Structure formats: C-alpha cells, structure tokens
Amino acid sequence: MRWLLGLLLFGLAAPGGAVALRTEVVAGKLRHPWSLAFLPEGGVLVTERSGRLLRIAEGRVTPVAGLPRVFASGQGGLFDVRLHPDFATNRLLYLSYAHGSSRANATRVARARLEGDRLRNLEVIWTATPMKRRNVHFGGRLAFLPDATLLVTTGDGFDFREEAQRLGSPLGKVMRLTADGRPAPGNPFTARPGAQSAIWTLGHRNPQGLAFDPVRRLVYLHEHGPRGGDELNILEAGHNYGWPVATRGRDYSGATISPYRRYPGMTEPLLDWTPSIAPSGLVVYRGAMFPEWQGDLLLGALASRELRRIRLSPDGRRVLGQDSLLKSAGARIREVAVAPDGALWVTTDAPDGQLLRISRR
C-alpha cells in the first residue's frame, strides 16, 4: 500500500482557478532515481543512477537482473529507460547510461528483452565515440518517434563545449537512430563529409528533457545552461540550437561565454530560464485527470526544487505562462511522467529519493 505523504495545494492549473493535488509516496529509499516507464501489464520500471533498474508493482520493489555495467561517477550512471513502441509483443526496452572510466567515457544505449525480473539478450546498439574524459554532461534522454526511430541526447562533456558545433563529434547533439542503433535514413547531415550521420540536431549543452507530442507532432527538448541560459526548444531536423556561440548564460566564474545572445542561422529557444532552474524530465500532458492541463508541458527543476507547468498556445509554439507546483515540498524533481490514469508520477533526486504519485484531490 502507498503511504500517504499528505495533501498539497500548489500553483495555478489554469488562469482562472487552482487545482488541489494529492501526493502519495509509492516507493522510498531509492538511490538517485532518474527515469521511469510504465509497463502495459501494470507496475513501473525505475532507473537509479547508481546502476539499478527496479520493477515496482503492488507495493513491492524488485531489482531487475542482467543490467550492463555502468560508469557511476559524478553525473554519470544509469539514465533513461524507454519501452519499444511494440513492447507489448516484443518486450524490448532501451537503456541509456554512462560507459567507461574517468579517463575515457561516453553516453551509451543498449536494448534488451524484459522477461519477468531479468533482462535477456542485452545488446549495445550505440556509443558516443570518440570518448571523452570527466564525469559530467552526458545528456542521456531517449524518445521514440512515430516512425519507430529513436532520439538520443548527448551532453557537451563540459570541457568540450566547442564540440557541440562540430558535426564530426557526438557531443552536444541529438542523434536519430533506427531501433537497432544504426543512423536513421533521412538524417540531415548524412551527405556532409566528415559528419556523423546519426546527428539530427546540434548546438546543445546538456539536454535532460525530451518529449514528443503525438497530437501536434512536435519534439520538445530542454537543456541546462551554465549560470542562466537554461533553454526549452522545439526540435527540427538539421537545426543548430546555438551552444556555445549563442547563449544567455554566463560561465560559473562569471566570465562571458559568448557576446551573442542570438546568431544568424541558429535557432532561438522557445523559452529561456535565467537564473537557472536546472530542468530535468519532460512530458507533454495528454491525460484525463487534469483536463485543464491538456497539451501543456510539465518538467522537474533540480535547482529551484519544484515541478513546473509550461502553458502553451494551441499550436504548441508559444509559451503563455508558467506555474510552480510542489514548491513547498522542497524536493529536487528529476523525472516526470503521465500514468495511464492521467496521474503524474515524479522521482526526487536524492540518496534516499522517492517515487511520488500526484493526483487530483
């Protein structure tokens, strides 16, 4: 049984009125839970950055066996879990994680078949090469598109931000792969000499939110800036999103990174957060429980410790406003997802993190 954490009243759900929210703890004592995926037969899979994959159902938390070895250091570890579009029949799931060592590491994607509480036939399908040093800025978000191609985000590796502009580097990019890890047909830079043919977009710093809206058929992505300059973008194939040439953020030392807030040929963000909120996790709300949230974005915020709702125009290309939810809980929200019943499920980023269910009171 879920332990009831309490009734929390936060934020405006619509310009005209507030929504009362009920928050319940589904599971606790999780080691930096990072991502979650709902299973069609019931229950949910949760990744922990330390390298565990958990199956949580009916009050039981069961570790899944057969995971790959991950580089769990700094910001590195086990990241996203996503089910194949035909998971109900093929039982394939996809994992992103940091692979390697402090001297040579990379974002990696593997797939495997879930059989009970074990992964079978684990297969590495893509690795960001060449590798880099340091244990930060991996990206690591996954999303399937309607054509069953897979988007993978990579970070700039922190010390290598110029690589985000280089088509021969996997850093600071969104990759588009086939379900078995090959560069997807139709990628925009396939014919460019020296370019990595899996690249779909470039000019990213550390993208940790990725979501496809099946109604508007738009892909949304957010990424961490340095001191300020967190961004929300609409992704389009072949576009350059500017980092580090165009940014509203400053270096952690206070130094100017670039004199340009915008630059010709580079796509400006839909929304900028300065000061930074450190966005993490992203979902387009399409559920029955909160009809006033239809088509809006929901994301976690690690620095400002809240769940944030982004109100969008009907076409999804303009921001109408923002609302802060769960602010008084004081938790670093890492992941947010919409359950089959329309409730929100979120994870909190901590050594003793929690999986929370948020419903209408």
Side-chain angles (χ1 to χ4, degrees), residues 1-3 25-102 105-128 135 138-144 148 150 152 177 179-181 208 281 334-335 337 339-340 345-357:
M1 295 179 62
R2 299 186 186 102
W3 174 60
V25 177
V26 179
K29 298 183 180 179
L30 306 178
R31 306 170 193 166
H32 293 283
W34 214 93
S35 178
L36 63 92
F38 294 99
L39 294 167
E41 64 269 26
V44 63
L45 296 173
V46 176
T47 63
E48 292 180 322
R49 199 178 69 211
S50 59
R52 292 200 307 171
L53 178 66
L54 306 175
R55 185 172 190 157
I56 301 176
E58 298 180 348
R60 293 191 307 151
V61 178
T62 306
V64 175
L67 271 289
R69 183 177 180 179
V70 308
F71 174 52
S73 173
Q75 296 174 5
L78 181 59
F79 303 135
D80 220 345
V81 55
R82 287 292 173 261
L83 306 184
H84 187 279
D86 297 323
F87 177 84
T89 55
N90 64 25
R91 305 297 292 180
L92 287 176
L93 61 77
Y94 290 71
L95 299 169
S96 62
Y97 55 98
H99 163 76
S101 66
S102 59
N105 56 71
T107 304
R108 172 170 278 189
V109 180
R111 70 176 179 179
R113 190 180 310 278
L114 180 65
E115 296 182 2
D117 297 323
R118 174 173 287 277
L119 297 184
R120 304 282 187 184
N121 304 320
L122 182 77
E123 175 188 14
V124 173
I125 64 167
W126 184 80
T127 304
N135 57 1
F138 291 93
R141 284 294 178 182
L142 306 175
F144 277 99
L150 178 68
V152 183
L177 308 173
D180 59 3
Q208 294 201 348
R334 168 66 71 181
E335 171 72 310
W345 288 46
V346 305
T347 64
T348 64
D349 180 51
D352 57 348
Q354 295 177 319
L355 175 62
L356 306 177
R357 179 180 184 269

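Only this structure's heavy atoms are used, side chains among them; waters, hydrogens and symmetry mates stay out. What you see is a predicted model; the values in this text were computed from it and never measured.
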Under the rule for side-chain contact (heavy atoms from CB on, under 4.5 Å), what residues qualify as partners of R55, not counting sequence neighbours?
L39, E41, L45, V64, R91, L114, D117

What residues, two or more places apart in sequence or in another chain, satisfy side-chain contact (heavy atoms from CB on, under 4.5 Å) together with A143?
L210

Between A37 and L83, which heavy-atom pair has the shortest distance, and what is it?
CB-CG, 4.2 Å

Grab the two heavy atoms, one from G43 and one from A57, that are nearest each other, plus how far apart they are.
CA-CB, 3.9 Å

Checking T47 side chain against S35 main chain: does a donor-acceptor pair fall under 3.5 Å?
yes

Who are the salt bridge (charged side-chain N to carboxylate O under 4.0 Å, His left out) partners of R82, not counting sequence neighbours?
D80, E335

Sorted by chain and number, sequence neighbours left out, side-chain contact (heavy atoms from CB on, under 4.5 Å) with N135 holds for F71, S73

Spacing of H32 atom NE2 and L78 atom CG [to the nearest 0.5 Å]:
13.5 Å

With a 4.5 Å heavy-atom cut-off, do T347 and L356 have their side chains touching?
no

Of all heavy-atom pairs linking A110 and L122, the shortest is CB-CD1, 4.0 Å

According to side chain to side chain donor-acceptor pair (under 3.5 Å), who are the partners of R334, at least two apart in sequence or on a separate chain?
Q208, S280

Any idea which heavy atoms bring L95 and P68 closest together, and the distance?
CD1-CD, 4.1 Å

Which heavy atom in G140 sits nearest to a heavy atom in F79, and how many Å separate them?
O-CB, 3.8 Å

Heavy atoms of Y97 and V124 approach each other most closely as OH-CG2, 3.7 Å

Residues that D86 engages under side chain to side chain donor-acceptor pair (under 3.5 Å), provided they are two or more places apart:
none

As an exercise, state the distance from CG of L53 to CG of L36, rounded to the nearest 0.5 Å.
11.0 Å

Report the residues that fulfil salt bridge (charged side-chain N to carboxylate O under 4.0 Å, His left out) with D352, sequence neighbours left out, ordered by chain and then residue number.
none

Do S96 side-chain atoms and R141 backbone N/O form a donor-acceptor pair below 3.5 Å?
no

Sorted by chain and number, sequence neighbours left out, side chain to side chain donor-acceptor pair (under 3.5 Å) with S102 holds for none

R31 backbone acceptor or donor facing R49 side chain under 3.5 Å:
no

Residue set satisfying side chain to side chain donor-acceptor pair (under 3.5 Å) with R111, at least two apart, ordered chain then number -> Y94, E123

Please, which pairs that meet ring-ring contact (aromatic ring centres under 6.0 Å, His included) have at least one residue in residues 44-63, sequence neighbours excluded?
none

Supply the atom-to-atom distance L54 CG to L355 CG, rounded to the nearest 0.5 angstrom.
9.5 Å

Find the distance between CG (L30) and CD1 (I56) and round it off to the nearest 0.5 Å.
5.5 Å

Just verifying a value: how many Å separate T127 OG1 and N105 CG, rounded to the nearest 0.5 Å?
11.5 Å

All side-chain contact (heavy atoms from CB on, under 4.5 Å) counterparts of A72, not counting sequence neighbours
V70

Is there a side-chain contact between V44 and V26 in this structure, where contact means two heavy atoms from C-beta onward sitting under 4.5 Å apart?
no

R118: what forms a salt bridge (charged side-chain N to carboxylate O under 4.0 Å, His left out) with it, not counting sequence neighbours?
none

